[in-house]
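Quick notes on the structure that follows.
Naming: A, B, ... by sequence-line order, numbering from 1 per chain. Because only heavy atoms are used, hydrogens play no part in the values below, and waters and symmetry mates are left out as well, while side chains stay in.
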2 protein chains.
Amino acid sequence: MPTLREETLLLDHLRRRGLRATPERRALLRAIFAQHRHIDAEEILAAARAGGHKISRATVYRNLDLLVECGLVARVTLPGGRAVYEHLHPGLAHDHLSCRQCGRMVEFVSPGISALLVEICRAHDFDLATPQLQISGLCRACATAGQGRRAHG
Amino acid sequence: MPTLREETLLLDHLRRRGLRATPERRALLRAIFAQHRHIDAEEILAAARAGGHKISRATVYRNLDLLVECGLVARVTLPGGRAVYEHLHPGLAHDHLSCRQCGRMVEFVSPGISALLVEICRAHDFDLATPQLQISGLCRACATAGQGRRAHG
DNA sequence: CTGGTTGCAAATACTTTGCAAGATG
DNA sequence: CATCTTGCAAAGTATTTGCAACCAG
């Protein structure tokens, strides 16, 4: 298995911060980059283990933040509140539009919005290093079905 | 205590869907509209009880979705994953920019982004009735402090 | 009266944490 | 060898659900 370019970035990040390069951290990174969709913590754990690594749930949670901080991974919160992760590729940013009813998610790119975001972030003194824009709406299917709904039980 | 305009909207919504107007639902609505900041489920429960209403935690959770669906209330997910709610006023939409590190949140209005969002939603067949845009970034303070960080324990 | 709704408490889901053993630089 | 990390399991925190009693239409 060749060394991913991202793995080098992670190692650099760890070294800069005086943290250690453990096999668990590499396994975690690889598990996320092996998947090309949004996966949650539990799926990441399963993927890492399926890859032949011995790793615990606690270690997954403890290191996900680390990967997000170094910009290799993004944490996306679905409308319902569920947290999922995806790998990032510098220069290929995209944003998310998701349905708050059924959870269906669409990825899109909008240079116009990105430009305006730069303005807004500057105005409010926010760092845009890893901007993340999440829009929640209602997809057509749910908007239509939503007319007649029943109570909870 | 006068009847809120929003209460009428809620009652209409309930009638249209064949749901019932219970004192708990009204109390919940009033509790949220009495606060002019973002509050979580627990605070809403406390506010409703402080208002002299007997209401349970389960009822709060069961009905928050209802209020969000009828467009009177918005659910905002903070970067850390915490869910807070705020009352909405038609025509006075605003969006959220929050720091994924310290949670500091800034509200802003951007006609330009709103216009582009309309385009994007149309293109992806999403309903913009209650658009909600959430941007997560890193505020200057956290970006600066973030340079030297230590490990977890 | 009929069936949506509530309260309670138990259950569930997700994430964090204390601690001793085990790595890494 | 210092101390950063891990695994395990227990502890949190947030939210949901089963069920019987209750109440709105």
Side-chain angles (χ1 to χ4, degrees), chain A residues 7 10-29 31 38-46 48-49 53-69 73 75-85 100 103 148-153, chain B residues 7 10-29 31 38-46 48-49 53-69 73 75-85 100 103 148-153:
Chain A
E7 196 166 317
L10 172 60
L11 296 182
D12 287 348
H13 182 80
L14 292 173
R15 196 170 305 119
R16 261 197 305 281
R17 303 225 334 225
L19 301 178
R20 295 174 182 173
T22 66
E24 289 82 4
R25 284 178 173 155
R26 294 176 198 221
L28 196 57
L29 182 76
H38 300 81
I39 51 180
D40 64 22
E42 198 62 30
E43 293 171 313
I44 291 172
L45 173 65
R49 284 180 173 171
H53 297 279
K54 190 172 74 60
I55 183 173
S56 74
R57 180 170 290 102
T59 295
V60 169
Y61 280 106
R62 280 195 273 237
N63 287 301
L64 276 172
D65 286 344
L66 182 70
L67 295 179
V68 170
E69 278 169 32
V73 171
R75 174 195 171 115
V76 180
T77 303
L78 304 183
R82 204 169 85 105
V84 292
Y85 298 82
R100 65 165 187 270
R149 292 268 306 295
R150 66 176 182 294
H152 47 244
Chain B
E7 196 166 318
L10 173 59
L11 296 181
D12 286 351
H13 182 80
L14 291 174
R15 196 169 305 119
R16 262 197 305 281
R17 303 226 332 227
L19 301 178
R20 296 175 182 173
T22 67
E24 289 81 5
R25 284 178 172 154
R26 294 176 198 221
L28 195 57
L29 182 76
H38 301 82
I39 51 180
D40 63 23
E42 197 62 28
E43 294 171 313
I44 291 172
L45 173 66
R49 286 179 172 171
H53 297 279
K54 190 171 75 60
I55 184 174
S56 74
R57 180 170 289 102
T59 295
V60 169
Y61 280 107
R62 280 195 273 236
N63 287 302
L64 276 173
D65 286 343
L66 182 70
L67 295 179
V68 170
E69 279 170 31
V73 172
R75 175 194 169 114
V76 180
T77 303
L78 304 184
R82 203 169 86 105
V84 293
Y85 299 81
R100 65 166 187 269
R149 292 267 305 296
R150 65 176 181 295
H152 48 247

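In this structure, Ile55(A) atom CD1 and dT6(D) atom P are separated by 8 Å, rounded to whole Å. The distance between atom CG of Leu66(B) and atom P of dT16(D), rounded to the nearest whole Å, is 14 Å. One atom, OH of Tyr61(A), and another, P of dG12(D), lie 18 Å apart when rounded to the nearest Å. Spacing between atom CD1 of Ile44(B) and atom P of dA14(D) amounts to 13 Å, rounded to whole angstrom units. Counting to the nearest Å, the P atom of dT13(D) and the CD atom of Glu42(B) are 11 Å from each other. Distance Arg26(A) CZ to dT5(D) C1': 14 Å, rounded to the nearest Å. Look at CD on Glu43(B): it is 10 Å from P on dA14(D), rounded to the nearest Å. Per the geometry, CG belonging to Asp40(A) stands 10 Å off C1' belonging to dC14(C), to the nearest Å.
Remark: Arg49(A) pairs with no residue by the side chain to side chain donor-acceptor pair (under 3.5 Å) rule, at least two apart or across chains. By the side-chain contact (heavy atoms from CB on, under 4.5 Å) test, Ala58(A) is found to be paired with Ser56(A), Arg62(A), residues two or more places apart in sequence or in another chain being considered. Shown here are the side chain to side chain donor-acceptor pair (under 3.5 Å) partners of His38(A), two or more places apart in sequence or in another chain: Glu86(A), His96(A), Glu107(A). With sequence neighbours left out, the side chain to side chain donor-acceptor pair (under 3.5 Å) criterion links Arg82(A) to Asp40(A). Annotation: side-chain contact (heavy atoms from CB on, under 4.5 Å) contacts of Arg26(B) (sequence neighbours excluded): Glu7(B), Leu11(B), Ala21(B).
Residue Ala58(B) has its side chain nearest to dC8(C) when only dT6(C), dC8(C), dG7(D) are considered. Out of dA9(C), dT3(D), dG7(D), the shortest distance to the side chain of Arg20(A) is found at dT3(D). Checked against dG7(D), dT6(D), dT15(D), the side chain of Arg25(A) finds its nearest nucleotide in dT6(D).
Projected onto DNA chain C by closest heavy-atom contact, Thr59(B) and Arg75(A) fall at different nucleotides, the more 5' of which corresponds to Thr59(B). Positionally, the nearest nucleotide of DNA chain D for Thr22(A) lies more toward the 5' end than for the other of Thr22(A) and Ala21(B).
Side-chain to base pairing of Arg62(A) with dG7(D): one donor and one acceptor N or O lie within less than 3.5 Å of each other. Evaluation of atom-type donor-acceptor distances gives no pair under 3.5 Å for the side chain of Arg57(B) against the base of dT15(D).
Atom CG of Leu28(A) sits about 5.5 Å away from atom CG of Leu64(A), to the nearest 0.5 Å.
Ion pairing between Glu42(A) and Arg57(A) holds under the 4.0 Å rule for side-chain N and carboxylate O.
For the helix from dC1(C)-dG25(D) to dA23(C)-dT3(D), the end axes, each set by the C1' atoms of five terminal pairs, are bent relative to each other by 40° (nearest 10°).
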